[in-house]
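Everything quoted here is computed from the prediction, not taken from an experiment.
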Amino acid sequence: MRVKCVICDQIESIEDHSVQAKKLRNRPIHTFMCKSCETRITERTNERIATGNFKLYRSNNEEDDW
């Protein structure tokens, strides 16, 4: 399966029967990022977290015992 990175538009091929390929076929919200973009984003995010000015806003999921 040929896939295109959403950031740098680099075209790569992945195995047709892999889990990632299945997610891309069945759920259109899932997007593909190449390894170089993924590592670059991870490194820069970790640098921002290290500065102390980075706040990650997550929703509070309250579980109901109903």
Exercise. Looking at C34 and C5, what are the two nearest heavy atoms and their distance?
Worked result: N-SG, 3.5 Å
Exercise. Of the non-hydrogen atoms in D9 and V6, which two are nearest, and what is the gap between them?
Worked result: OD1-O, 4.4 Å
For this session: Would you give the length of the straight line joining atom CD1 of I7 to atom CD of Q10, rounded to the nearest 0.5 angstrom?
Result: 11.5 Å
Give every donor-acceptor pair under 3.5 Å between a side-chain atom in residues 15-22 and any protein atom, sequence neighbours left out.
{"from": "D16", "atom 1": "OD1", "to": "M1", "atom 2": "N", "distance (Å)": "2.4"}
{"from": "S18", "atom 1": "OG", "to": "E15", "atom 2": "O", "distance (Å)": "3.0"}
{"from": "S18", "atom 1": "OG", "to": "A21", "atom 2": "N", "distance (Å)": "3.2"}

Result block: side-chain N/O donor-acceptor pairs under 3.5 angstrom for residues 39-48, not counting sequence neighbours:
{"from": "T39", "atom 1": "OG1", "to": "K35", "atom 2": "O", "distance (Å)": "3.1"}
{"from": "T39", "atom 1": "OG1", "to": "S36", "atom 2": "O", "distance (Å)": "3.0"}
{"from": "T42", "atom 1": "OG1", "to": "E38", "atom 2": "O", "distance (Å)": "2.7"}
{"from": "T45", "atom 1": "OG1", "to": "I41", "atom 2": "O", "distance (Å)": "2.7"}
{"from": "N46", "atom 1": "ND2", "to": "T42", "atom 2": "O", "distance (Å)": "3.2"}

Exercise. Step by step, would you call L24 with I14 a side chain to side chain contact (heavy atoms under 4.5 Å, CB included)?
Worked result: CA-CA 11 Å; L24 290 171; I14 60 174; 4.2 Å; yes
